[in-house]
Amino acid sequence: MHNKSVAELSRALEQGTVSSVELTRQFLDRIRCEDGKYNSFITVTEDQALADARAADEQRANGNATPWTGVPFAHKDIFCTRGVRTTCGSKMLENFVPPYDATVTANFRKAGAVCLGKTNMDEFAMGSSNESSYFGPVTNPWGAKRVPGGSSGGSAAAVAARLIPAATATDTGGSIRQPAALCGVTGLKPTYGRVSRYGMIAFASSLDQGGTMARTAEDNALMLNVMAGFDPKDSTCVDRGIPDYTATLDEPLKGLKIGLPKEYFSEQLSPAMEQQVRDAVKEYEKLGATVKEVSLPHANLAIAAYYVIAPAEASANLSRFDGVRYGYRCEDPKDLMDLYTRTRAEGFGNEVKRRILVGTYALSAGYFDAYYLKAQKVRRLIQQDFINAFREVDVLMSPTSPSPAFVQGEKSTDPVTMYLEDVFTIAVNLAGVPAMSVPAGFIDGLPVGLQIIGDYFSEARLLNAAHQFQQVTDWHQREPN
Ligand code: GLN
């Protein structure tokens, strides 16, 4: 059963060949036996999961089930879960038990899905390797000592290792797509504003977006059906109709116009990675798509702009962790200033501190114009690049990451090298458009991902393109051993 997709598990529950309690027990057993190798979960909610599974079985028996009723899944530990500790990978929130659910959490609850626990992540979602988690690094199921990518590395590793069929994730600069690529699973970052951020712990609010991770595109569509939609509790959430994302998966791709951004196929790209992507694009041509080169002239400025804007917003968002309201508090503070400084010095890890310092600097009087304002102007140019490209083509394709999974420790001492992991993913967040990563081959036994980028609110088209690719390839079904 653990090899089955969400769609298949849902059908099995519907036909009564398995109960939710049985399924939940099986996945809990797998987590218990296997996760010692990966450390992909921070918290496993065994009792709650079994109680929810029993309720789901009753609901099915009463004939009012949704496709998710009784299906096990997990949440990235950035989504607030009422009564269940939510750490965001930080010592600061090690013992934080939210009194409320994030909208995404509430939506899965309403759909009857069974949450088995909270997945590991880089601290406050800052990182590309899951090495900055206070709860220890996550190991990629495809290679001992390899990173799973980050920051949603726990979700990606858990899905790849078949500990769970699907998991939520978030993406501020690539944190869904890059770990999905490195672990050989399928992930979608929706359009900014498509999925509510209410109760999703904030990193950089103008970039953060919740999204989906599973092995198949179809399962990502099933997840998005639950997650997408207007939420009055998030002022940036867009009030716009949501399609049934599974309804258009089978549409033929004949006539689909694919653009290959020439800036993403420069000399820096390794020949092996380029080959994998070009082979994937050939599959699309066989499916009836046409391909042309396009340009995103400001693509090379994306990382620089992001590493001003994201830390600036993070420094503001993280000011709430002061030892007074909630979260970690230092022992025996001498006075208020001592309480603030020691709480933050002891509660945050190095990467988070680095971002707070960079962000505070970029926002300070005298530097604001030179850094933050300048970065915002660059951001607008990057957005315009995408608007122009989508006048010519329907989707853009590129590698998701510059290389497959690297070895733990290889990049963690050099932040700039680590930041370059996101060269292909970050511009998408700055523009706010949706994008996916789809398994598209292997290099030296390690998975690589194809990134598919779409115009605003074109999630259905992206899922359709990914699903059609998965009908003619089996990269997404390969299993690590
Ligand atoms: N790796 C990027 C960073 O460290 C993106 C992280 C993310 O998307 N949450 O900021």
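Just so you know, these numbers come straight off a predicted model, no measurement behind them. Every number for a ligand or one of its atoms is a count from 1 in the order of the listing.
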Lining ligand 1 at under 4.0 Å, by non-hydrogen atom distance, are residues A125, M126, G127, S128, S151, D171, T172, G173, G174, S175, F203, Y306, Y307, R355, D422

Any Lys/Arg nitrogen of R109 or D101 sitting under 4.0 Å from an Asp/Glu carboxylate oxygen of the other? yes

Can you tell me if Y371 has over 12 outside heavy atoms packed within less than 6.0 Å of its OH? no

Identify every side-chain donor-acceptor pair in residues 427-442 under 3.5 Å, counting partners at least two apart or on other chains, and give the distances.
from: N429; atom 1: OD1; to: R177; atom 2: NH2; distance (Å): 2.6
from: N429; atom 1: ND2; to: D171; atom 2: O; distance (Å): 3.2
from: N429; atom 1: ND2; to: D171; atom 2: OD1; distance (Å): 3.0
from: N429; atom 1: ND2; to: T172; atom 2: O; distance (Å): 2.9
from: S437; atom 1: OG; to: T400; atom 2: OG1; distance (Å): 2.9

Name all residues meeting the salt bridge (Lys or Arg N to Asp or Glu O under 4.0 Å) criterion together with R162; count only those two or more places apart in sequence or in a different chain, and write none if there are none. none

For R391, all residues meeting salt bridge (Lys or Arg N to Asp or Glu O under 4.0 Å), sequence neighbours excluded: none

Near K91 NZ, under 6.0 Å, is it more than 12 heavy atoms from other residues, nucleotides or ligands? yes

